[in-house]
Amino acid sequence: MKRILKIVLAALVAICLIAVVGIYALSEMRLSRTYNVAAADFTVKTTLPPEEAERRARTLMCGGCHHDAGNVLIDGPGLGRIVAPNLTRFAPMYSDAELVRLIRHGVKKDGTGVFIMPAGNFANITEDDMAAILAWVRSLKPLPDAVDGATQWGPLGRIGLALGKVPFEADIVPADLTPAATRPADIGEYAFRTDCSHCHNLDTAKQSEAFLAPALRPLAQSYSAADFKTLLRTGKGVGGRDLGVMTQVSLWDFRYFTDAEIEQIQAYLTRQP
């Protein structure tokens, strides 16, 4: 009987080891997958003053994830530690063409894909706004990393990768894009497509890997113009409620929207279908 139990236990251990090795191998294959998207030359140069180029770049959510010199986006037991890199150190490693491919297609310098960074939204960025982002990024002074180490996947994260449950933006962005040349005068819909729709739907709640985001149309309709401006400038809901990710993104990015732009955004969100 003891001999049988030892054999069964050894078999179970072997099966577990095979499973661990298999999950690790499959997750590594997913992380190393490359995308055949060319880094096309980007020749557009901004004519905007540096402060306006920075303002536009920040309204497109660069700071909310990366902060000034890198930021830990997720640090969960079992899941892993997901780090948004230090742009002041990271951007100089890329040519303009490679940065545009990264931003619009979610494809890194080595051809592998990014996760979390919303390239599916950034595919909609106009040429003049992309030029503003590049100008701003190139103007950043080097800063030491604000966080130690790079992204590391835990066992749950590895399982998600192996099973194809971790979304990669390069899987959803078309290889061929024809971005608009200039930022529209009324940015309501443009802001929704480049920013808001990463987390939110217009008329239904949207479940992401991290949280459930409410539908934007009824939310925007429930806010006065003054409260909506407060929401985008401070990330605070009615009554001063902290809104988690929304609060962070607003403090880092959305506060750079002008009053007129915020009014345009609310007008678009509250427009009846």
Side-chain angles (χ1 to χ4, degrees), residues 56 58-65 73-74 103-106 113-126 129-130 160 164-174 176-180 182-273:
R56 290 196 185 192
R58 289 188 178 276
T59 63
L60 291 162
M61 300 196 301
C62 299
C65 287
L73 297 174
I74 297 172
I103 295 166
R104 282 209 175 115
H105 294 276
V114 301
F115 40 89
I116 298 182
M117 193 182 89
N121 291 74
F122 295 164
N124 298 295
I125 292 174
T126 59
D129 273 356
M130 184 62 72
K165 299 300 183 181
V166 176
F168 283 71
E169 294 286 313
D171 290 328
I172 64 173
V173 181
D176 295 320
L177 296 172
T178 308
T182 58
R183 185 185 183 101
D186 183 332
I187 70 156
E189 182 176 3
Y190 177 67
F192 173 73
R193 294 191 181 282
T194 55
D195 289 331
C196 312
S197 61
H198 180 59
C199 292
H200 298 270
N201 293 324
L202 266 177
D203 296 300
T204 59
K206 186 173 183 178
Q207 180 68 60
S208 70
E209 296 73 33
F211 53 82
L212 180 68
L216 277 185
R217 196 190 312 272
L219 185 147
Q221 289 172 339
S222 71
Y223 276 72
S224 68
D227 285 341
F228 193 75
K229 286 179 182 176
T230 298
L231 172 66
L232 263 66
R233 291 266 161 71
T234 69
K236 300 292 185 181
V238 174
R241 291 177 296 120
D242 187 285
L243 301 177
V245 172
M246 179 65 187
T247 299
Q248 289 298 311
V249 174
S250 294
L251 290 173
W252 278 95
D253 299 318
F254 293 166
R255 67 187 180 91
Y256 288 91
F257 283 120
T258 66
D259 284 350
E261 288 171 340
I262 293 175
E263 290 164 6
Q264 291 168 353
I265 294 168
Q266 187 175 24
Y268 173 76
L269 294 179
T270 57
R271 192 177 303 157
Q272 292 301 321

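Quick note: numbers below take in every heavy atom, side chains included, and nothing from hydrogens, waters or symmetry partners.
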Please tell me if the side chains of Asn121 and Asp195 come closer than 4.5 Å, counting only heavy atoms from C-beta onward. no
Taking side chain to side chain donor-acceptor pair (under 3.5 Å) as the definition, give me every residue that meets it alongside Thr204, ordered by chain and number, with sequence neighbours left out. Asn201
Tell me, please, which residues at least two apart from Thr230 pass side chain to side chain donor-acceptor pair (under 3.5 Å). none
Closer than 3.5 angstrom, by distance alone: can the side chain of Thr247 be matched with the main-chain N or O of Lys236 as a donor-acceptor pair? no
Heavy-atom side-chain contact between Ile74 and Ile116 under 4.5 Å: yes
How many angstroms lie between OH in Tyr256 and OG1 in Thr59, if you round to the nearest 0.5 Å? 10.5 Å
Return the minimal non-hydrogen interatomic distance between Met246 and Phe254, and the atom names on each side. CE-CD1, 3.9 Å
N/O donor to acceptor pairs below 3.5 angstrom from side-chain atoms of residues 211-220, sequence neighbours left out:
residue, atom, partner, partner atom, Å
Arg217, NE, Asp203, OD1, 2.6
Arg217, NH1, Arg271, O, 2.0
Arg217, NH2, Asp203, OD2, 3.0

Taking the side chain as every heavy atom from C-beta outward, state whether Phe228 and Ile265 have any atom pair closer than 4.5 Å. yes
Sequence-distant partners of Asp129, salt bridge (charged side-chain N to carboxylate O under 4.0 Å, His left out), two or more places apart: Arg56, Arg183
What residues form a salt bridge (charged side-chain N to carboxylate O under 4.0 Å, His left out) with Glu189, not counting sequence neighbours? Arg193
Can you sort out the partners of Glu263 under side chain to side chain donor-acceptor pair (under 3.5 Å), two or more places apart, ordered by chain and number? Lys229
Decide yes or no for Phe122 and Met61: does some side-chain heavy atom of the first lie under 4.5 Å from some side-chain heavy atom of the second? yes
If you define the side chain from C-beta out and look only at heavy atoms, does anything of Tyr268 sit under 4.5 Å from Leu202? yes
